[in-house]
Each structure stands twice: as C-alpha cells, then as structure tokens.
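In what follows, a structure is listed as structure tokens, so that the remarks can point back to it.
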Amino acid sequence: MRRTIFDLDVLRTFATGMELGNFARAADRLGRSTSAVSAQLKKLEAQAGTPIFRKAGRGLTLTDAGETMLTYARRLLELNEEAAAAVQSIELEGWVRLGLQEDFGETLLPDVLGRFARAHPKVRIEARVVRNVELIERVTTGKLDLALAWSDGTLTPHCEKIGEVPMRWIGPAEGAVDWNLGSGEPIPLASLEAPCLLRTAATKALDTAGIPWRLAFVSPSLGGLWAATAAGLGISIRTPIGLPRKVKPLVADETGLPELPSLGLVLHRAELEPGPATARLASIMLHAVREAVADVVPSAIQPPASAYA
C-alpha cells in the first residue's frame, strides 16, 4: 500500500482559502499566483484519492471527505507551528496578560493556553474573562497586553479586526419558549446586564419590526444566561461561537423573528510592537479565533480563476 504524505504547504493553502472564503484572497495572502493555488488544490485531491470539493453555483463547497480533510489540515498545521515554536523559541520567558469575552472562555481559552504552555513552559499567563467595556478599559490603561473583544466601534491604538460573526436568536435545545409571535404578547428575552451589545442589537431589531418584547431574565454572567435560556424562560441573543449543548440557534424565518446583524470581533494590543511572548500568544489566538469564525460562517468557497478549468 502506497504511503500518503501530505504536503504542509498545500495544506496551508487549503486551510487559508477555507478561512478567507476565497482562494483568490488566499493566493494574495500567501504570495502565490491563482494558477499555483489551483495546482495545489488538484495535488491535494490527488493525494487524498477522493474529491474534496464539489460545485456549488459559481463557487465550491466541501464534500464529506473535504470536511474531514480540513479538520486534519488544521491539526497538522497547528502541530507544525507548535513544533517550530518549541525548538526555535525554547528560552522564551516572560509574563503575558490576556483578556477575553465569556463566549470564548470555555471553548477557545483552554486550547490556546494549552498549545502555548506546551511550547513555552517558562512563560506565565494571567487570563481574565470579563465583559467588553472592562476589556477595552484594561488594554488602553496597560493592565492587559491582549484583549479579544466584540466590536462596539471603539478603536484602540493597536487593534486588528479579525472578522464578522453573525448574531443569532438562541432558544432551548429541547422544548420551547412559552411565547406565540402572533398573540400580541411581548416576546420574553433573556439577556446579560446592560451595557450589552447583543441585547441592544436585538431590541433594536424587534422595535424596527414592530414586535413587542420584555426582559424576562437578566444575568450578570453567561452561565446564568444559558441556564435561563435552556429552561425556556426567554430567548437570548448571542453568536454561534461557544454555545453549550443545552441551547441552539433559532432559524429566524421559521420563528418570525427579525434577522440580526453581524458582530465584529477585534484583537486589541496594548503596544504596537509587543514582546516575543505576547506576540507569540497573539499569533496563536488569531489562528484559533479565525478557525472558530470560519466554522460558524458557512459559505461557498470561491476558487481561483484557473481552478478545475
């Protein structure tokens, strides 16, 4: 049986194209021509021995094998980067102060900290999971080195927009919320305490659609919000990132609820040129977050012009 050894350079092109939703953009980011990217995709399918793409209108979408390939591609690239960092920066030392939203505390943080700690055991990390307002205040006053926050329009001197994540109405995974849109009764909402970007967006959307609402449950923490939503006390508003199994996104068309806008995600840095430890953690954070965003923003992938010609 012939042994298959996947080309990491090809896997990087594949993963980058999926992350950006467009292989022409991937070609620009990687400094390659679109014909070179097309050749790499054909090589990947040849190595896989099965189609990883199928036509979807004017673009491409992944086959089941392609979905599996993407998962392994990301893992292989992460291991490659982790190995390189471990042998090249083994003496990396210092202290990094990281802040992020609760949405990422249980899902993203363990993976990021685990990868970083394995490669750089001499670096100490102080992580703080707090609300948006506190994150921005702490990074601007130098109390945090890095802060991952939802975008409320506030720009810090050294921030980088990562992407846009769709907001969703969230209901219990089992059972239903006790409300009927056509009854005229206000829709019960479960929300975090004000100020809350998602709560503001939701109530604005309901007001614009002429749908009455009431705050049925207000929580200072995301854990309390999930408990109330799972119990059917009210509908909450979050993004698809970090949802526990006891809740699920609702389909707006099926419920009669208005569509919600997307929410920007930003990485704030305290310094333009942070130290090596902070820069490395920022790199791992960006990679993990972009993967998380790509997983919840499905779209047909646009191939390079020469793909499958």
Side-chain angles (χ1 to χ4, degrees), residues 96-113 125-170 188-206 213-231 233-244 246-247 249 260-271 278 281-282 285-286 288-290 292-293 296:
V96 183
R97 299 163 301 172
L98 169 68
L100 67 167
Q101 275 276 352
E102 277 190 283
D103 303 74
F104 301 96
E106 294 184 6
T107 54
L108 188 75
L109 187 60
D111 176 60
V112 169
L113 295 185
I125 298 177
E126 176 186 312
R128 181 175 291 270
V129 179
V130 292
R131 302 282 296 278
N132 237 61
V133 173
E134 186 173 346
L135 288 173
I136 301 300
E137 185 273 331
R138 284 182 169 271
V139 80
T140 53
T141 57
K143 296 176 182 177
L144 287 176
D145 300 303
L146 298 170
L148 180 65
W150 297 119
S151 175
D152 62 356
T154 301
L155 297 178
T156 56
H158 317 299
C159 62
E160 176 181 356
K161 185 173 181 180
I162 301 172
E164 295 277 337
V165 185
M167 284 188 269
R168 292 286 184 263
W169 300 103
I170 308 296
L189 297 181
S191 169
L192 292 180
E193 291 179 339
C196 176
L197 295 173
L198 291 92
R199 168 171 153 180
T200 300
T203 55
K204 181 179 179 180
L206 291 171
W213 55 271
R214 64 182 176 87
L215 286 175
F217 184 89
V218 177
S219 172
S221 70
L222 204 52
L225 182 65
W226 295 144
T229 305
L233 297 183
I235 301 169
S236 59
I237 314 95
R238 301 307 293 174
T239 75
I241 293 177
L243 294 183
K246 57 189 177 183
V247 300
L260 294 168
S262 294
L263 189 61
L265 188 58
V266 179
L267 182 66
H268 299 270
R269 295 177 175 86
E271 299 177 346
T278 300
L281 182 59
M285 176 71 71
L286 283 170
V289 173
R290 283 174 175 145
V293 172
V296 301

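The figures that follow rest on heavy atoms only: side chains count, while hydrogens, waters and symmetry mates do not.
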Any residue meeting side chain to side chain donor-acceptor pair (under 3.5 Å) with Trp169, in chain and number order, not counting sequence neighbours = none
Pick from Asp145, Leu144, Ile136, Leu155: which one makes a side-chain contact (heavy atoms from CB on, under 4.5 Å) with His268?
-> Ile136
Contacts of Leu215 that satisfy side-chain contact (heavy atoms from CB on, under 4.5 Å) - sequence neighbours left out = Leu189, Ser191, Arg199, Trp213, Val218
So the salt bridge (Lys or Arg N to Asp or Glu O under 4.0 Å) pairs with at least one residue in residues 159-169 (sequence neighbours excluded) are Glu160-Arg269, Glu160-Arg290, Lys161-Glu164
Exercise: identify the closest heavy-atom pair between Ile170 and Pro249 = CD1-CA, 3.8 Å
Any idea which heavy atoms bring Ser151 and Val266 closest together, and the distance?
-> CB-CG2, 3.8 Å
Who pairs with Gln101 by side chain to side chain donor-acceptor pair (under 3.5 Å), at least two apart in sequence or on another chain?
-> Asn132
Value for OG1 (Thr154) from CD (Glu137), rounded to nearest 0.5 Å, stands at 12.5 Å
side-chain contact (heavy atoms from CB on, under 4.5 Å) between Leu197 and Met167, intermediate numbers included | CA-CA 10 Å; Leu197 295 173; Met167 284 188 269; over 6 Å; no
Check: Leu100 and Val130 side chains under 4.5 Å, non-hydrogen atoms | no
Shortest non-hydrogen contact from Pro240 to Val165?
-> CD-CG1, 4.1 Å
Side chain of Glu102, backbone of Leu222: donor and acceptor closer than 3.5 Å?
-> yes
Sorted by chain and residue number, the side-chain contact (heavy atoms from CB on, under 4.5 Å) partners of Lys204 (sequence neighbours excluded) come out as Thr208
For Leu233 and Pro188, which heavy atoms make the closest approach, and how far apart are they?
-> O-CB, 3.7 Å
To the nearest 0.5 Å, tell me how far Thr239 OG1 sits from Leu260 CG.
-> 11.5 Å
Is Val133 close to Pro195 at the side-chain level, that is, under 4.5 Å between some pair of heavy atoms?
-> yes
Which is it for Arg128 and Glu134 under the side-chain contact (heavy atoms from CB on, under 4.5 Å) test, yes or no, and what are the steps along the way?
-> CA-CA 10 Å; Arg128 181 175 291 270; Glu134 186 173 346; 4.0 Å; yes
Are the side chains of Val129 and Phe104 in touch, meaning some heavy atoms are under 4.5 Å apart?
-> no
When rounded to the nearest 0.5 angstrom, what is the spacing between CG in Leu281 and CG in Leu113?
-> 7.0 Å
Mind checking what makes side chain to side chain donor-acceptor pair (under 3.5 Å) contact with Ser236, not counting sequence neighbours?
-> Thr229
Do Glu193 and Arg131 come within less than 4.5 Å of each other through their side chains, counting heavy atoms only?
-> yes
How would you list, by chain and number, every residue that makes a side-chain contact (heavy atoms from CB on, under 4.5 Å) with Ala270, sequence neighbours excluded?
-> Val139
Worked check of side-chain contact (heavy atoms from CB on, under 4.5 Å) between Glu271 and Thr278 | CA-CA 10 Å; Glu271 299 177 346; Thr278 300; over 6 Å; no
Which residues share a side chain to side chain donor-acceptor pair (under 3.5 Å) with Trp150, sequence neighbours left out | Asp103
Pairing residues for Val289 by the side-chain contact (heavy atoms from CB on, under 4.5 Å) criterion, not counting sequence neighbours = Leu108, Leu148, Ile162, Leu265, Met285, Val293
Taking all non-hydrogen atoms of both residues, which atom of Val112 and which atom of Ala288 are closest, and how far apart?
-> CG2-CB, 3.7 Å
Heavy-atom pair with the smallest gap, counting every atom of Ala228 and Phe217 = CB-CD2, 3.3 Å
